[in-house]
Amino acid sequence: MISGASQADCALLVVDSSVGEFESGFERGGQTREHLLLVRSLGVSQVIVAVNKLDQVQWSQARYDEIVGLIKPFLVQSGFHPSKTSFAPVGAYQGVNLLSLSGVDAEELKVWYSGPTLVDLLDKLEPPARDVESPLRIPVANVFKGQGQGAAVSGRILSGVVQVGEKLRVLPGDESGIVKSIEVEEENVPWAAAGSNVNIQLTSIDPVNLIVGSVLCPPTDLVPLATSFIARVIVFDIQVPITAGSSIEVYHHSRDVPATTTKLVATLDRSNGKVIKANPRVVAKGASAELQLTLRSTAISGAQSLVRGIPMEPFSANKDMGRILIRRGGETIAAGIVLEIVR
């Protein structure tokens, strides 16, 4: 889910309006809450909420209004602007209010709803601005065997433009490859720009050097490799506070690496970013904080191994390359942006 969300421009959240089902997903620890927090933390700013299975509650307007009333403030709290959120009551099994609000099954819904259909709302989504001026950055989401020699990769172009015949560097590592072909939506194209999800066939490269989480970039404008960095994060609803020395996992695009919270730099006021307390002992749920994070080696005990840096840029240089998630025990506990690369 995280890998897919990191390649998305907008989100469609489908919630089950059945009594008990919605509550189990929306209560603390539920997937509805976590998915909304994840997509917003990964840069998605537009969301459509489809309130589904209203036929299970007899097309009750009161139930629909109750669900909307609970989700709306949570969306604002999660960072979604009210103008970028919309809601639609649907009955997907019968096809009610997906393409049209017509037919026998829609009669009960039409009594109290006459707004846009789900497809209407999808058509009204605004394409975000594309960063074509910045250097090329393509995080690899998947690696597969292409036609002939070399390898093929898929991913989303975060910034810049790529074209057939161009030489690209693969980071981390010192391998380079040449773009043999580019495929966008199953069509071969001579070039592709930021925002496109592409399949790229590379030649003159050993496939063993391509892994999920690698980043393709121009040899003349390499992405920095970071092993320690300072990030500004917002902590989610967690039970155990974050302390200095905590073992965590940093998720950056499709790469998941073990790390340690080296230092708690400061807790911040969420409204204006001012420092509340420098060098706090703990960072609790709901807090905004600056943390220094350092990657850990994955070597077994007793083995000597250098920590390999991950391709990363400060948020000020490249927004998409500067977003991270922090996970612990299989749960996302915080999300934020990279302020500075220490080393």
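All values reported here derive from a predicted model rather than from experimental measurement.
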Report the C-alpha distance between L70 and F22 in whole Å, list the side-chain angles of each, state the deciding distance to 0.1 Å, and finish with yes or no for side-chain contact (heavy atoms from CB on, under 4.5 Å). CA-CA 10 Å; L70 289 170; F22 169 75; 3.6 Å; yes
V162 and V198: side-chain contact (heavy atoms from CB on, under 4.5 Å), yes or no, with the steps? CA-CA 10 Å; V162 63; V198 295; 5.5 Å; no
Atom pair [atom1] ([X]) and [atom2] ([Y]), whose distance is rounded to the nearest 0.5 Å:
X: I234; Y: Q77; atom1: CD1; atom2: CD; result: 10.0 Å
X: L42; Y: H253; atom1: CG; atom2: NE2; result: 8.5 Å
X: L291; Y: I242; atom1: CG; atom2: CD1; result: 6.0 Å
X: N279; Y: K263; atom1: CG; atom2: NZ; result: 5.0 Å
X: D9; Y: R156; atom1: CG; atom2: CZ; result: 4.5 Å
X: L202; Y: K167; atom1: CG; atom2: NZ; result: 12.5 Å

Check the hydrophobic clustering (I, L, V, M, F, W, Y; side-chain heavy atoms under 4.5 Å; chains of links allowed) and say if [X] and [Y] are grouped together.
X: I178; Y: L210; value: no
X: L168; Y: F144; value: no
X: L109; Y: V68; value: yes
X: L216; Y: L158; value: no
X: L136; Y: I310; value: no

Is a side-chain donor-acceptor pair under 3.5 Å present for [Y] with [X]?
X: T294; Y: T262; answer: yes
X: N318; Y: S134; answer: no
X: R169; Y: S176; answer: no
X: S17; Y: Q56; answer: no

Looking only at atom types and distance, does a side-chain atom of [X] sit under 3.5 Å from a main-chain N or O of [Y], one as donor and one as acceptor?
X: N199; Y: E183; result: no
X: W112; Y: W59; result: yes
X: E290; Y: L268; result: no

Residue pairs involving residues 210-231 (criterion salt bridge (charged side-chain N to carboxylate O under 4.0 Å, His left out); sequence neighbours excluded):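 Non-adjacent pairs meeting salt bridge (charged side-chain N to carboxylate O under 4.0 Å, His left out): R137-D221.
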What are the two closest non-hydrogen atoms of [X] and [Y], and how far apart are they?
X: R328; Y: V240; value: NH2-O, 2.6 Å
X: R296; Y: I248; value: NH2-O, 3.5 Å
X: A152; Y: Q201; value: CB-OE1, 3.8 Å
X: I341; Y: A226; value: CG2-CB, 3.7 Å
X: N52; Y: V14; value: CB-CG1, 3.8 Å
X: S214; Y: R255; value: N-NH2, 3.5 Å

[atom1] of [X]: more than 12 outside heavy atoms within 6.0 angstrom?
X: Q31; atom1: CD; value: no
X: K110; atom1: NZ; value: yes
X: W191; atom1: CH2; value: no
X: F74; atom1: CZ; value: yes

Checking side-chain contact (heavy atoms from CB on, under 4.5 Å) for the pair L293/T261: CA distance, chi angles, key distance, verdict? CA-CA 5 Å; L293 307 176; T261 309; 4.0 Å; yes
With heavy-atom distances below 4.5 Å as the criterion, would you say the side chains of [X] and [Y] are in contact?
X: I138; Y: I200; answer: yes
X: I324; Y: F229; answer: yes
X: M321; Y: V215; answer: yes
X: V170; Y: N209; answer: no
X: P190; Y: Q163; answer: no
X: F87; Y: I71; answer: yes
X: K124; Y: S86; answer: no
X: V49; Y: T85; answer: no

Does the pair V338 and F315 meet the rule for a side-chain contact (heavy atoms from CB on, under 4.5 Å), with working shown? CA-CA 5 Å; V338 178; F315 186 79; 5.5 Å; no
Given F236, which of I326, I333, L37 fulfils the side-chain contact (heavy atoms from CB on, under 4.5 Å) condition?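 One option only clears the test, and that one is L37.
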Determine the sole option in L54, L101, V96 for which the side-chain contact (heavy atoms from CB on, under 4.5 Å) test with Y113 is passed.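 Single side-chain contact (heavy atoms from CB on, under 4.5 Å) partner of Y113 among L54, L101, V96: L101.
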Is R63 salt-bridged to E23, going by a charged N under 4.0 Å from an acidic O?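 Between E23 and R63 there is a salt bridge, with a charged N closer than 4.0 Å to a carboxylate O.
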Under-4.0 Å salt bridge between K53 and D16: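 Here K53 pairs with D16 in a salt bridge, since their nearest N and O are under 4.0 Å apart.
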